[in-house]
Amino acid sequence: MSRNHLAIAACALAVLCACSGPGSQDSNSHGLDLKGMDLTVKPGDDFFSFVNGTWVKTTAIPPDRSSWGNFAILADLANRRLADLISGLDAQKPAAGSETAKVADYYASFVDTKGIDAKGLAPIKPELDAIAAITDKTALAQTLGESLRTDVDALNNTNFHTPHLFGLWVAPSFDDPTKNQGYLMQGGLGLPDRDYYLKTDPKMVDTQTKYRQHIATILKLANIDNADARAQGIYDLEKKIAQVHVARADSEDVHKANNVWAESAFATKAPGLDWATFFKAAKLDGRTSLDVWQPGAVTGIAALVGSQPIEVWKDWLTFHKLDANSAVLPQAFRDESFAFYGQTLTGAPQQRPRDKLAVDATSADLGDAVGKLYVAKYFPPEAKAKAQAMVANIVAAFGKRIDRLDWMSPQTKAKAEEKLKTLYIGVGYPDKWRDYSGLQIVRGDALGNSERADAYRYQQDLAELAGPVDHTLWRMTPQTVNAVNLPLQNALNFPAAILEPPFYDKDADAVLNYGGIGATIGHEISHSFDDQGSQFDAYGRLVNWWTPQDFAHFRAAADRLAAQFDAYQPLPDMHVNGKLTISENIADVAGVSAAYDGYRASLGGKEAAPAQGYSGDQRFFIRFGEIWRTKYREPLLRRLLLTDGHAPGMYRADTVRNVDAWYDAFQVKPGQKLYLAPKDRVRIW
């Protein structure tokens, strides 16, 4: 589960942390996948391998993927369903300009690679010419401001930066959650994180070399002269930007992110950029203030705008304009983009089929319109009603867990229970759909459609910034295989596409659903009380509602859990970063614990009946282990260990070692590798 729009505002089940999925079950299609288990492994030695070992040994990662497992399989299922729905829209002859016609036209334009190739660089040439015409820093600020966007995907994946020079995020204010605030984020990097520029080990140096080569190749494909020298200049500029970027750990600290600057203060706090021109071009002029998430980075980047040659900035703009749009440029650009971002950075040997990429692009730019199609066909009202009932049961179980805490003072408990009672939980799809009536989609104009959709989304975000706070606003689409916690909204989203086997099966018995989606629900609820969420009250205010003694106990337990994960070593030269992954690890422990309580409560405190050769408790934990079924290619695994707030799936499955009921279910004894003495088990919630 990955963290929000920004550091703290969301916690989701990262799609890259995949597992098993539809079609991987044994003959009991609504039960456990017994064939995927490895019974030669003791549960107490390696629970992940006990549950998933045979699947790992016998399953190949598809050639167009860098990881594989349940999340990826479900995402692929949703993609195939949507491809069928969208490709059939033309036969329905939707009215011109209707939402359905826009979906059909966007998709048809994206899959029309012959048409894209025939146009060459003509569609993007006016934008490249405009960059070439920049002659001074005022014009540069104008162009940089016009390119400001709300890069939701970058922020959702906890990158804490955007590929644009800066990124804007709109959400309730830290200090007054009745008002929306604009948050300005650091940006400017083409590689995934500052460490990709700053580390000097051989593998990272090789990646840096290949990135410089990638920059040069993109410039050469656009017939730009002196491409190698320009590529070096672009890379050197990005390295300077990386050097002023705020590190990931500091970006995660929400107290360091609460820095409200008046618009008039930017010129003195971050000199070098013509902020008045920038804000006017970005349509942010006249705003009273922005929250600067990483002030050191904003100050450092602005200084680089002032100090670095304008020609280098023009080259940087040119490269990123081409690189960001490679999917809708001629084939050579698409191939080069995949060669670097697909093969080098994630290890995938083949490109994904164009129709799948088209569904992803259409979902990204017309998300709710596509979501309506998905929900109408694949998420019936009875599925939503059953999922909502499970949510209510797990919320109640979590409340009871709070009541039973012997280390928490009554005043802190009261605040926690208040927060739980005011939590908004969206299941399946939003209460209100986004409107696309003002978005122009033109069949045959793939580049224009993408850019107009981007600009339209930005205009909607600006309107949100000026409008009232809506705590029911969704930050994910129904077709997303994920879930999210939004601390500033005190809200959760559970999209329809994750409410599928093995997470949720309306025809399976309760114990399996609680072990799957139940643990996911518990995970997301607990994010409201993890190391970040615990710093927001019931109304989304950034305020300390803990007694000092309670918070000290919480931090000590969190530190023990971080140390537990620090010890995991998936590669010979890399360990899991327990501090980076602590929020997700806390949520995993709390989530499976709350789901277990919810399952037992749903049966009046009794254990479920045995089935498939396992007791009810065993089946609960085996299903939990199944959802983390995962395989990674090494380049992606390295990237995730550096940049992702989630531990690899195999260690998330093993978090059951902190749950007392797991020991009883599988008779785990001292001497087994996962065994923890009762005093060493981390129990936070």
Side-chain angles (χ1 to χ4, degrees), residues 5 82 85-86 89-90 92-110 112 123-124 126-127 130 142-143 145-156 162 164 167-171 180-182 279-287 321 324-325 327-328 358-376 429-470 472-480 493:
H5 279 138
L82 288 171
L85 288 170
I86 295 172
L89 292 178
D90 279 342
Q92 301 175 21
K93 301 187 183 305
S98 67
E99 193 173 82
T100 304
K102 290 176 181 181
V103 171
D105 290 344
Y106 189 105
Y107 177 87
S109 302
F110 195 95
D112 181 17
I124 205 170
E127 296 175 81
Q142 169 82 19
T143 302
E146 290 171 347
S147 69
L148 182 66
R149 289 293 182 268
T150 46
D151 288 300
V152 171
D153 290 338
L155 303 176
N156 265 347
T162 162
H164 300 289
L168 182 72
W169 178 57
V170 177
N180 281 315
Q181 177 66 278
F279 284 136
K280 185 175 182 179
K283 300 180 181 179
L284 285 171
D285 54 316
R287 308 283 175 183
K321 175 62 66 175
N325 289 291
V328 287
V359 169
D360 289 344
T362 310
S363 285
D365 285 340
L366 289 158
D368 279 13
V370 174
K372 288 180 186 178
L373 300 173
Y374 185 90
V375 166
Y429 48 86
D431 301 328
K432 296 183 288 288
W433 297 95
R434 287 188 178 270
D435 170 50
Y436 299 98
S437 58
L439 173 60
Q440 182 187 23
I441 300 296
V442 178
R443 184 168 290 227
D445 186 12
L447 174 67
N449 291 338
S450 174
E451 295 196 326
R452 284 188 295 272
D454 198 26
Y456 185 73
R457 183 166 51 246
Y458 181 66
Q459 291 303 315
Q460 287 185 315
D461 290 334
L462 292 181
E464 181 187 338
L465 179 58
V469 170
D470 181 359
T472 69
L473 184 68
W474 273 55
R475 303 291 182 174
M476 287 184 166
T477 61
Q479 63 272 27
T480 302
N493 299 162

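Please read these numbers as outputs of a predicted model, since none were measured by experiment.
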Chemist: Which heavy atom of Ala466 sits nearest a heavy atom of Arg287, and at what distance?
Modeler: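 Looking at all heavy atoms of both residues, the closest pair is CB-NH1, 3.7 Å.
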Chemist: Which pair of heavy atoms, one from Phe110 and one from Ala361, lies closest together, and at what distance?
Modeler: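 Phe110 and Ala361 have their closest heavy atoms at CE1-CB, 3.6 Å.
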Chemist: Between Leu82 and Val370, is any pair of side-chain heavy atoms under 4.5 Å apart?
Modeler: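 In contact.
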Chemist: Closest heavy-atom contact between Asn180 and Gly467?
Modeler: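 Looking at all heavy atoms of both residues, the shortest contact is ND2-O, 3.3 Å.
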Chemist: Using modelled atom types and a 3.5 Å cut-off, is there a donor and acceptor pairing between side-chain atoms of Lys283 and backbone atoms of Leu462?
Modeler: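 Between the backbone of Leu462 and the side chain of Lys283 there is no qualifying donor-acceptor contact (under 3.5 Å).
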Chemist: Can you confirm whether Lys93 is buried at NZ, in the sense that more than 12 heavy atoms of other residues, nucleotides or ligands lie under 6.0 Å from that atom?
Modeler: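 Incorrect, the count does not exceed 12.
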Chemist: Could you check if a side-chain atom of Leu439 sits within less than 4.5 angstrom of a side-chain atom of Arg452, using non-hydrogen atoms only?
Modeler: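 Answer yes - side chains close enough.
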Chemist: Decide side-chain contact (heavy atoms from CB on, under 4.5 Å) for Asp365 and Asn449; before the verdict, give the C-alpha distance in whole Å, the side-chain angles of both, and the deciding distance to 0.1 Å.
Modeler: CA-CA 9 Å; Asp365 285 340; Asn449 291 338; over 6 Å; no
Chemist: Using 0.5 Å steps for rounding, measure from the OH atom of Tyr458 to the OG atom of Ser147.
Modeler: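 Atom-to-atom, Tyr458:OH and Ser147:OG are 9.5 Å apart.
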Chemist: Assess, by modelled atom type and distance only, whether the side chains of Glu464 and Gln460 contain a donor and an acceptor separated by less than 3.5 Å.
Modeler: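 There is no such pair (donor and acceptor under 3.5 Å, judged by atom type) between the side chains of Glu464 and Gln460.
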Chemist: Taking all non-hydrogen atoms of both residues, which atom of Tyr106 and which atom of Leu366 are closest, and how far apart?
Modeler: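 Tyr106 and Leu366 have their closest heavy atoms at CB-CD1, 3.9 Å.
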Chemist: Could you walk me through whether Leu284 and Leu168 pass side-chain contact (heavy atoms from CB on, under 4.5 Å), step by step?
Modeler: CA-CA 10 Å; Leu284 285 171; Leu168 182 72; 4.2 Å; yes
Chemist: Atom CG in Leu85, atom CG in Leu373: separation rounded to 0.5 Å?
Modeler: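 Atom-to-atom, Leu85:CG and Leu373:CG are 6.0 Å apart.
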Chemist: Verify, without hydrogens or angle tests, whether Asn493 (side chain) and Arg475 (backbone) share a donor-acceptor contact under 3.5 angstrom.
Modeler: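 Answer holds: yes.
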Chemist: State the CH2-NZ distance between Trp433 and Lys372, to the nearest 0.5 angstrom.
Modeler: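 That separation rounds to 7.0 Å.
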Chemist: Do the non-hydrogen side-chain atoms of Leu447 and Glu127 ever get within less than 4.5 Å of each other?
Modeler: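 A side-chain contact under 4.5 Å exists here.
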Chemist: Ignoring hydrogens and geometry, is there a side-chain-to-backbone donor-acceptor pair from Arg434 to Asp368 under 3.5 Å?
Modeler: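 Such a contact is absent between Arg434 side chain and Asp368 backbone.
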Chemist: Measuring from atom OG1 of Thr100 to atom CD1 of Ile86, what distance do you get when rounded to the nearest 0.5 angstrom?
Modeler: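 CD1 of Ile86 is found 10.5 Å from OG1 of Thr100.
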Chemist: If I compare all heavy atoms of Pro478 with all of Pro430, which pair ends up nearest, and what's the gap?
Modeler: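 Minimum heavy-atom separation between Pro478 and Pro430: CG-CD, 4.0 Å.
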Chemist: Main chain of Tyr374, side chain of Tyr429: is a donor-acceptor contact present, judged purely on distance under 3.5 Å?
Modeler: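 A pair under 3.5 Å: no.
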Chemist: As a quick check of understanding, evaluate salt bridge (Lys or Arg N to Asp or Glu O under 4.0 Å) for Asp285 and Lys280, giving each step before the final call.
Modeler: CA-CA 5 Å; Asp285 54 316; Lys280 185 175 182 179; over 6 Å; no
Chemist: Donor-acceptor pair, Gln479 side chain versus Gly367 backbone, under 3.5 Å?
Modeler: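 Such a contact is found between Gln479 side chain and Gly367 backbone.
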Chemist: Over all heavy atoms of both residues, which pair between Ala358 and Thr362 is shortest? Give the atoms and the distance, please.
Modeler: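 It is O-OG1, 2.7 Å.
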Chemist: Mind running side-chain contact (heavy atoms from CB on, under 4.5 Å) on Tyr107 and Ile441 for me, showing each step along the way?
Modeler: CA-CA 10 Å; Tyr107 177 87; Ile441 300 296; over 6 Å; no
Chemist: So does Ala364 get a backbone contact from the side chain of Arg457, meaning a donor-acceptor N/O pair under 3.5 Å?
Modeler: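 Checking the backbone N and O of Ala364 against the side chain of Arg457, a donor-acceptor pair under 3.5 Å is found.
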Chemist: Should Ser363 and Val359 be marked as a side-chain contact (heavy atoms from CB on, under 4.5 Å) after you check the CA-CA gap, both sets of side-chain angles, and the distance that decides it?
Modeler: CA-CA 6 Å; Ser363 285; Val359 169; 4.2 Å; yes
Chemist: Going from OG1 on Thr472 to NZ on Lys432, what distance comes out if it is rounded to the nearest 0.5 angstrom?
Modeler: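 Reported value, rounded in 0.5 Å steps: 3.0 Å.
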Chemist: Once rounded to the nearest 0.5 Å, what's the spacing between atom CD of Glu451 and atom NZ of Lys321?
Modeler: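 One gets 4.5 Å once the value is rounded to the nearest 0.5 Å.
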